[in-house]
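Following: one structure in structure tokens, then a few remarks.
This chain uses plain numbering: 1 for the first residue, then up along the sequence.
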Amino acid sequence: MNGPHKFGTEFGSDNAPEHSAAIVSHHDSIKWFEAIPGEQLCIRVHGTQVNGRYAIMENIAAPGTATPMHFHAEDEIFHILEGTVTFSIGGDVFNASVGSIVVIPAGAHHAWRNRSNSPIRMSTFFSPGGVEELYPKLVGLSLEELSTVVEPFGSGIVGPPIDE
């Protein structure tokens, strides 16, 4: 069989990492940190574990927590696990509740805010991986300081957070 789905083609083992063991990210072994005030983050799967193909993070955000309007070089996919999140993407503002998937293409200007009275929890997938290296560097920075730290990662801050 010589189709694109044959094992060993460009869609099979040739692009697989040399070490192809399963990755299990146990909840009790992950390290949480506060990247922006009110948001706890952890890296569930680091891009280095999968040859940079993607990265997976988990976010828990207190009521009122918001990101500034920003962009980055990676596609970003949010899976809402708890609560309702308000997103602004390319000028469209909408709510995404439990079970929703929100896909943000690379380069799109976007932000999110927890406008609810309870914490939200999301899984965030980046493709390709690498940008997860940025988030631990954000701890304790002001909005002005964020701008200089994100630029080397192909990201930028382009506006304030979504209104409350």
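There is a path of hydrophobic side-chain contacts, each under 4.5 Å, that joins Leu146 to Val139. Taking hydrophobic clusters as Ile, Leu, Val, Met, Phe, Trp and Tyr residues chained together by side-chain heavy-atom distances below 4.5 Å, Ile30 does not share a cluster with Tyr135.
When every heavy atom of Thr86 is checked against every heavy atom of Arg115, the shortest pair comes out as OG1-CD, 3.4 Å. Pairing each heavy atom of Pro128 with each of Gly52, the nearest pair is CB-O, 3.3 Å. Of all the heavy atoms in Ile120 and Met122, the pair that sits closest is CD1-CE, 4.1 Å. The two residues Ile80 and Ser97 make their nearest non-hydrogen contact at CB-O, 3.4 Å. The minimum heavy-atom distance between Phe33 and Cys42, with the atom names listed, is CE2-CA, 4.3 Å. Closest non-hydrogen pair, Leu81 versus Ser123, comes out as CD1-OG, 3.5 Å.
Between Val45 and Phe125 the shortest side-chain heavy-atom distance does not fall below 4.5 Å. Contact of the Ile104 side chain with the Phe78 side chain is registered, since non-hydrogen atoms from C-beta on lie closer than 4.5 Å. For the pair Leu41/Leu138, no side-chain contact is recorded, criterion being any heavy-atom separation below 4.5 Å from C-beta on. Between Ile77 and Ile101 there is a side-chain heavy-atom pair separated by less than 4.5 Å.
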Could you pull out every donor-acceptor pair under 3.5 Å between side chains of residues 58-73 and any protein atom, sequence neighbours left out?
residue, atom, partner, partner atom, Å
Glu58, OE1, Arg44, NH1, 2.4
Glu58, OE2, Arg121, NH1, 3.1
Asn59, OD1, Thr124, OG1, 2.8
Asn59, ND2, Glu39, OE2, 2.9
Thr65, OG1, Gly38, O, 3.2
Thr65, OG1, Ala62, N, 3.4
Thr65, OG1, Ala62, O, 2.8
Thr67, OG1, Trp112, N, 3.1
His70, ND1, Pro68, O, 2.8
His70, ND1, His110, O, 3.1
His70, NE2, His110, NE2, 3.1
His72, ND1, Glu74, O, 3.3
His72, NE2, Glu76, OE1, 2.7
His72, NE2, His110, NE2, 3.3

Sequence neighbours left out, cut at 3.5 Å: what donor-acceptor pairs do the side chains of residues 149-164 make with other protein atoms?
none

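In this view, Val98 satisfies the side chain to side chain contact (heavy atoms under 4.5 Å, CB included) rule with no residue, not counting sequence neighbours.
For the atom pair OG of Ser88 and NE2 of His109, the computed distance is 11.0 Å after rounding to the nearest 0.5 Å.
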Test side-chain contact (heavy atoms from CB on, under 4.5 Å) on Val85 and Val102 and set out the steps. CA-CA 10 Å; Val85 185; Val102 178; over 6 Å; no

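With Glu132 contributing its side chain and Gly130 its backbone, the two residues share a donor-acceptor pair below 3.5 Å.
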